[in-house]
Each structure stands twice: as structure tokens, then as C-alpha cells.
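Everything on this sheet refers to the single structure shown next.
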Amino acid sequence: MQSVKVSVRMQPLGLAALAFAIFLAGCSSTPGPSDSRYLMDQDRAPAGNFDVSALNDAVPRFEAPRRAGNKSPYEVWGTTYRVLDSNQDYVERGVASWYGEKFHGHSTSNGETFNMYAMTAAHKSLRIPSYARVTNLDNGRSVIVRVNDRGPFHGDRLIDLSYAAAKKLGYQSRGTARVEVAAITVDQDGAMSIAGEPWPGPSAGTKGNEKGHFVQIASFSSPSPAEQLLARVQTATEDPVRVRAITTGGGRFHRVQVGPFASEGDAREAQGRLQRLGFSQSILLTDMH
């Protein structure tokens with residue numbers, strides 16, 4: 001099959017992902033005037049102090065292989081890349097960057113929608129969608145992300161994390177960090193491995209204590225804007241809405257949340273409805289208290 005040259009999205013902190021919409025349009029290197037990402041000269045973080053303290057890691061699960069995003073080999077800027085036949089034993093150390101507002105709401109390489117508030121990542125060779133544990137080697141923090149995009153194709157970068165995942169790892173202000181990336185694989189029967197070694201899965205032993213799944217619209221340091229947003233959301237949805245005050249090491253936050261929902265799937269459906277209503281900065285979380 002003939003190799004296709006693909007236009008990509010790049011930011012000063014590293015490249016985000018392949019411009020999937022341009023690929024479908026015929027691999028044109030000239031962006032269309034309606035593509036709002038090109039109105040920004042540089043990528044940037046969202047405004048305000050985005051609270052990630054309640055943001056859960058991605059939850060690894062079996063996902064059947066797909067063709068979307070796994071074309072191999074593929075070419076970017078004259079360089080040929082290959083997608084792994086299997087993620088099973090993958091572990092590597094390198095530099096992580098992040099991507100954010102410039103690409104928020106645009107298509108990833110497998111046709112999903114990039115959400116800078118979700119725990120996702122872009123990688124050049126891991127099969128997608130897939131999961132990986134990313135550890136910041138400078139501070140020891142780890143997150144689990146869902147890999148659903150291609151990149152970064154800039155310099156020596158190994159992986160591009162969403163802004164939220166980078167903030168959880170503590171490097172969003174610096175732009176890059178030294179990390180270890182270990183692939184997580186999930187069999188059809190639910191058995192998991194990480195970098196080829198058997199793994200019981202994240203938060204083993206906490207299942208059964210969950211109260212429900214929520215869509216968090218926003219988090220504020222003071223109650224007044226939270227109550228104002230609560231009123232707006234209540235007029236837009238029939239789902240239950242609450243303001244929950246939480247004290248963490250970073251201070252006291254007032255979180256506007258929709259739910260609870262019985263399953264993550266129900267919560268994701270609600271999140272989609274809320275995004276179509278204009279509440280685009282939401283995250284999914286599980287109430288464990």
C-alpha cells in the first residue's frame with residue numbers, strides 16, 4: 001500500500017497529534033479557514049486554576065483492535081514511522097510534553113475528540129487505542145492514560161500528554177519532563193499486564209466502595225461562582241446537580257458536579273450531552289466518599 005504523507009499539529013512544547021480531519025480531506029498541507037486550531041499561533045493551557053485533584057486515571061479495559069490510527073508504516077515530515085505489532089512488552093524512558101487548548105475539541109488520529117481535561121496521550125508507535133502508565137522520573141508521580149493519538153514528532157519527545165495528565169504529573173508549567181512509559185495490555189477475559197508483567201490493575205481492592213460516577217463541570221475556590229453555575233446547569237439538564245465542597249492540600253474547592261450515574265458509560269453519555277449544551281470543560285470522576 002502506498003505511504004501517505006500526513007499533516008500534523010505542532011506546538012512549541014512538542015507536537016500533539018495527527019490532523020485527522022486533514023487526512024480525511026485528502027492529506028492537504030493547507031488548513032481550511034474553518035479550522036479554529038490554526039487561529040492560535042501557540043498552544044496554551046486553559047485559563048484559570050484547573051483543579052485536577054479529583055480527576056481519576058484512565059481505567060484500562062479490553063478494546064478490540066481497530067484500523068483507525070494504526071496505519072503502518074506512515075510518514076510525517078519525510079520520516080517513516082511504524083506502529084508496533086503488539087504493545088505487550090513496551091517500556092521506554094524519554095521526554096514527555098503536553099498539548100492543550102489549541103487542539104481541544106479537534107479529532108485525534110483514531111477519529112475521537114481530543115479533550116485536554118481527560119487522561120489521554122499521543123504516541124508514535126503504540127497501538128491505539130491502548131493504555132499506559134506514565135511516571136515522572138523527577139518526582140515519582142504516576143498516571144494512567146489512554147493513548148488515542150499519534151505524536152509527538154518534534155525533537156526527542158517520547159509522548160504527548162493531555163494538559164490534565166501533565167498537571168497531575170506536575171510538569172505543566174515547565175512544559176516537559178523525564179518520564180517512563182509502560183504499556184498496559186488487557187485481555188478479553190480482563191487479565192492485565194504492564195510492560196509484559198502480570199498486573200492486578202489500578203486501585204485493586206477499592207472496587208465495591210464506589211458510590212457513583214459524576215461529571216464535574218467546574219471547580220472554584222469560592223462558593224459564589226459555583227452556586228451561579230449550579231443554577232445554570234440545573235436549567236439545562238434534568239440530571240441531578242450538586243456543589244460539593246472539598247478540602248485538599250491545595251486548598252478548599254467548590255465543585256459543580258452532575259450525577260451520580262450508575263456506570264461510567266452513563267456518565268460519558270451525560271458528559272456528551274453537557275458538552276453539546278456548551279459545558280465543554282468537564283471531567284469524569286468517581287465519588288469514593
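Below, each value reflects all heavy atoms present in this structure, side chains not excepted, and no hydrogens, waters or symmetry copies. As the structure is a prediction and not an experimental result, all values here were calculated from the model.
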| Just how far is it from atom CZ of Arg174 to atom CG of Leu169, taken to the nearest 0.5 Å? | 10.5 Å

| Shared ILVMFWY cluster between Val59 and Ile184, side chains joined below 4.5 angstrom? | no

| Note: Asp85-Arg127 ion pair, threshold 4.0 Å (strictly below) | no

| said: Can you tell whether the side chains of Arg146 and Asp57 come within less than 4.0 Å, N to carboxylate O? | reply: no

| query | Can you check whether Gln216 reaches Leu55 side chain to side chain, under 4.5 Å on heavy atoms? | reply | no

| task | Check whether Leu158 and Leu137 end up in the same hydrophobic cluster, where Ile, Leu, Val, Met, Phe, Trp and Tyr are linked by side-chain heavy atoms less than 4.5 Å apart. | result | no

| Got Asp149 and Tyr99 here, is their nearest side-chain heavy-atom distance under 4.5 Å? | yes

| query | Hey, mind stepping through Phe220 and Val243 against side chain to side chain contact (heavy atoms under 4.5 Å, CB included) and telling me if it holds? | reply | CA-CA 10 Å; Phe220 302 93; Val243 173; over 6 Å; no

| note | dist Glu264:CD -> Glu269:CD (nearest 0.5 Å) comes out at 11.5 Å

| Point-to-point distance, once rounded to the nearest 0.5 Å, from OG of Ser130 to CG of Asn87 | 4.5 Å

| query | Considering only heavy atoms from C-beta outward, does the side chain of Thr80 approach that of Tyr74 to under 4.5 Å? | reply | no

| said: Any salt bridge linking Glu112 with Arg66? Criterion: basic side-chain nitrogen under 4.0 Å from a carboxylate oxygen. | reply: yes

| task | Carefully, step by step, assess Thr108 and Thr113 under the rule side chain to side chain contact (heavy atoms under 4.5 Å, CB included). | result | CA-CA 6 Å; Thr108 66; Thr113 301; over 6 Å; no

| task | Would you mind reporting whether Arg133 and Val143 have side-chain heavy atoms less than 4.5 Å apart? | result | no

| Distance from Arg244 atom CZ to Phe214 atom CZ, nearest 0.5 Å? | 7.5 Å

| Nearest heavy-atom neighbours spanning Asn136 and Val179 | CA-CG1, 4.2 Å

| Residue from Pro223, Ser224, Pro225 passing side-chain contact (heavy atoms from CB on, under 4.5 Å) with His254 | Pro223

| message | Let's go through Arg157 and Thr176 carefully: what are the C-alpha distance in whole Å and the side-chain angles of both, what is the deciding distance for side chain to side chain contact (heavy atoms under 4.5 Å, CB included) to 0.1 Å, and is it a yes or a no? | response | CA-CA 9 Å; Arg157 308 293 165 79; Thr176 61; 3.8 Å; yes

| message | Are Trp77 and Tyr81 connected into the same hydrophobic cluster when the rule is that any two of I, L, V, M, F, W, Y join if their side-chain heavy atoms are below 4.5 Å apart? | response | yes

| note | When every non-hydrogen atom of Ser263 is compared with those of His213, the smallest separation belongs to C-CD2, 3.5 Å

| request: Measure the spacing between OG of Ser109 and CD1 of Ile128 and express it to the nearest 0.5 Å. | output: 5.0 Å

| request: Say whether Tyr163 and Val95 are linked into one hydrophobic cluster, either directly or through other cluster members, by side-chain heavy-atom distances under 4.5 angstrom. | output: no

| query | Are the side chains of Thr120 and Val147 in touch, meaning some heavy atoms are under 4.5 Å apart? | reply | no

| Residue pair Glu75 / Gly78: nearest heavy atoms and the distance that separates them | OE2-CA, 3.5 Å

| said: Using a strict threshold of under 4.0 Å (side-chain N to carboxylate O), is an ion pair present between Glu227 and Arg232? | reply: no

| So do Arg252 and Ser221 actually touch side chain to side chain, heavy atoms under 4.5 Å? | no

| request: Over all heavy atoms of both residues, which pair between Ala118 and Ser162 is shortest? Give the atoms and the distance, please. | output: O-OG, 2.5 Å

| Roughly how far apart are Met119 CE and Ile144 CD1, rounded to 0.5 Å? | 8.5 Å

| message | With no hydrogens and no angle check, just 3.5 Å: does a side-chain donor-acceptor pair link Arg150 and Asn70? | response | yes

| Any Phe279 side-chain heavy atom under 4.5 Å of Thr237 side chain | no

| query | When you look at Arg242 and Val256, which way does the side chain to side chain contact (heavy atoms under 4.5 Å, CB included) test go after all the steps? | reply | CA-CA 6 Å; Arg242 71 180 185 180; Val256 182; over 6 Å; no

| message | Go through it in stages, so that I can follow the logic: the residues are Gln271 and Ser282, the test is side chain to side chain donor-acceptor pair (under 3.5 Å), and I'd like the CA-CA distance, side-chain angles, deciding distance and then a yes or no. | response | CA-CA 7 Å; Gln271 184 181 36; Ser282 64; 3.1 Å; yes

| Any side-chain heavy-atom pair from Arg273 and Asp239 closer than 4.5 angstrom? | yes

| message | Applying a strict under-4.5 Å side-chain criterion to I, L, V, M, F, W and Y, I'd like to know whether Leu84 and Val91 cluster together. | response | no

| message | For His123, run the ring pair (Phe, Tyr, Trp, His ring centres under 6.0 Å) check against Tyr90, Tyr131, Phe153 and tell me which one passes. | response | Tyr90

| message | Give me the atom names and distance for the closest heavy-atom approach of Ser219 to Phe253. | response | OG-CB, 3.4 Å

| field | Non-hydrogen atoms of Asn139 and Gly170 that approach each other most closely | value | ND2-CA, 4.4 Å

| request: Would you tell me whether Thr185 and Ser193 have side-chain atoms, one donor and one acceptor, within less than 3.5 Å of each other? | output: yes

